[in-house]
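Letters A, B, ... are given to chains in the order of the sequence lines, protein chains preceding strands, and every chain is numbered from 1.
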2 protein chains.
Amino acid sequence: MTTTTRPLRKDAARNRERLLASARELFAERGLGVTLNDIAHHAGVGVGTAYRRFANKEEVIDALFEEGLEAIAAVAAESLAEPDAWVGVVSFLERSLEMQFGDQGLNQIMNDNALGDERIADARDRIAPLIEQLVERARVEGAVRADLDQSDLIFIQVGLSAIMQSSREIRPELYRRYLALFLDGIRSDRSDLTPLPTPALSPFDTHRAMTRDRPPGS
Amino acid sequence: MTTTTRPLRKDAARNRERLLASARELFAERGLGVTLNDIAHHAGVGVGTAYRRFANKEEVIDALFEEGLEAIAAVAAESLAEPDAWVGVVSFLERSLEMQFGDQGLNQIMNDNALGDERIADARDRIAPLIEQLVERARVEGAVRADLDQSDLIFIQVGLSAIMQSSREIRPELYRRYLALFLDGIRSDRSDLTPLPTPALSPFDTHRAMTRDRPPGS
DNA sequence: CTTAAGTGGATAGTGTCAATCCGCTTAACT
DNA sequence: AGTTAAGCGGATTGACACTATCCACTTAAG
């Protein structure tokens, strides 16, 4: 398929890199809402140039966030390599949230909703099994409560991410406080656990919840 | 000040009521994003009529949500009347979240951000001291961990509210699962509590966090 | 030196909303 | 029954925020 198109001219290639760097930066600090116009100007090139390289914003997002999700997958894998199952779970949550904290765009891709794109959805799906193992192992070892599900780690991230957004400018690390509370709710070493009122979501439903289009309001 | 303006004509009064009912309904089910146009049509009147009654959407929101916040304040007061401090905390969270679940508009006012309006901000401030008492009492009684702060209940709601939004259409009650996890993280009756990594926000900062304008992105 | 590739940015196009205006209708009062 | 101020509807205007194109100009590559 890839009919070896002749390589880009030197300046064009440079601009392409500048655009990607600029997009990476702006997505990270302002989220996916930035326009291609913003990206172009911040890169020091004209809008026309941006549109010559990328048909639309989606394409730029693709180009960047597969790598971001890959990084999260790597964190999951490393956490799985951790000898202690509990430490693995904690470190996955801590590191993954930290990454999302440093990159608003990644955060949105992880938590917000349908970035309809295939490649991104695939990458996200590649993370799921790792989380499953992470949780399963901790459960078998008795490090976490027996009724903890893999999807719980996802939704805990959704919740903490919202807290993170609301306190971001006032006390950036505040979300860690609530992560600690959550972790204390997940540990198995307590006198008696409250039975959970509703079962976890199936992987399929979790996926649906994470890819649904945002509701109309606001 | 209230120069006894002559009462509205009968049809006008009726339409005003219809508009408020319509707004209540649409805000509840779609959030504050609905336009005055939507509200008018759903009420079966023209836009002009809507604008004759209310200068803008803010005014409609005011008219409705003071009562909503008052209801939450009432829930807080009732929870405070609860003889058991722990039951009080739990019932406040449960009932307040339930209300927000049933009313997206209220949810947004509670969690989202600066609905700049004075009256609403005041009402919200009236809730804060009640929560303070609720937490203080539970802490003194030893029902919750000693390092729990009043502001924690606020942020827990922020987090759960995000979870609620993401699973709303797929499993409406899912947020209750995470409420249970959180509660288990808050209870004092466990073998050893993880020290919290960062202190809670002061009331002032909490207020700032809750009224900050949304960041540009998305 | 030639020329295809690349560039910038003004501008046209699109969609979403808030808010107004004005010809028509109707309640209220005599 | 007639008069009239109040009320009504909704097409329309204007503001805004973006997306995407076009084309005269510039430049890398051979």
- request: For residues A:Arg52 and A:Asn15, determine if any side-chain heavy atom of one lies less than 4.5 Å from a side-chain heavy atom of the other.
  value: no
- line: Contact string for nucleotides 10-24 of chain D, one letter per nucleotide 5' to 3', B = base within protein heavy-atom range under 4.0 Å, S = sugar-phosphate only, - = neither, reads B-------SBBB---
message: For B:Ser79 and B:Arg95: C-alpha separation, side-chain torsions, deciding distance, then whether side chain to side chain donor-acceptor pair (under 3.5 Å) applies.
response: CA-CA 9 Å; B:Ser79 302; B:Arg95 296 182 57 193; 5.2 Å; no
task: Establish, yes or no, whether a centroid distance under 6.0 Å links the rings of B:Tyr175 and A:Phe155.
output: no
query: Could one point to a donor on the side chain of B:Arg9 or the base of D:dA6 with an acceptor on the other under 3.5 Å away?
result: yes
query: Any side-chain heavy atom of A:Ile154 sitting closer than 4.5 Å to one from A:Leu201?
result: no
Short side-chain donor-acceptor distance under 3.5 Å, B:Ser96 and B:Gln157: yes
- request: Could you tell me the separation between the CZ atom of A:Phe54 and the P atom of C:dG6, rounded to a whole number of Å?
  value: 13 Å
query: Is a side-chain donor or acceptor of A:Arg171 paired with a backbone partner of B:Ala200 at a separation under 3.5 angstrom?
result: yes
query: Do A:Leu106 and A:Ile72 have side-chain heavy atoms sitting under 4.5 Å apart?
result: yes
- prompt: A:Asp11 CG to C:dT7 P: how many Å, rounded?
  reply: 5 Å
- prompt: Could you walk me through whether A:Tyr51 and A:Asn56 pass the side chain to side chain donor-acceptor pair (under 3.5 Å) check?
  reply: CA-CA 7 Å; A:Tyr51 276 96; A:Asn56 49 47; over 6 Å; no
- request: Name every residue in residues 13-28 of chain B that has at least one heavy atom under 4.0 Å from any atom of DNA chain D, in order of residue number, or write none if there are no such residues.
  value: B:Asn15
query: Taking five pairs at each end, how big is the angle between the two axes of the helix from C:dC1-D:dG30 to C:dT30-D:dA1, to 10°?
result: 10°
- prompt: Below 4.5 Å, heavy atoms only, C-beta onward: do B:Gln165 and B:Asn107 meet side chain to side chain?
  reply: yes
- request: Check the distance between D:dG7's C1' and B:Leu8's CG and give it to me in whole angstrom.
  value: 10 Å
query: If we ignore angles and hydrogens, is there a donor and acceptor under 3.5 Å between the side chains of B:Ser91 and B:Glu82?
result: no
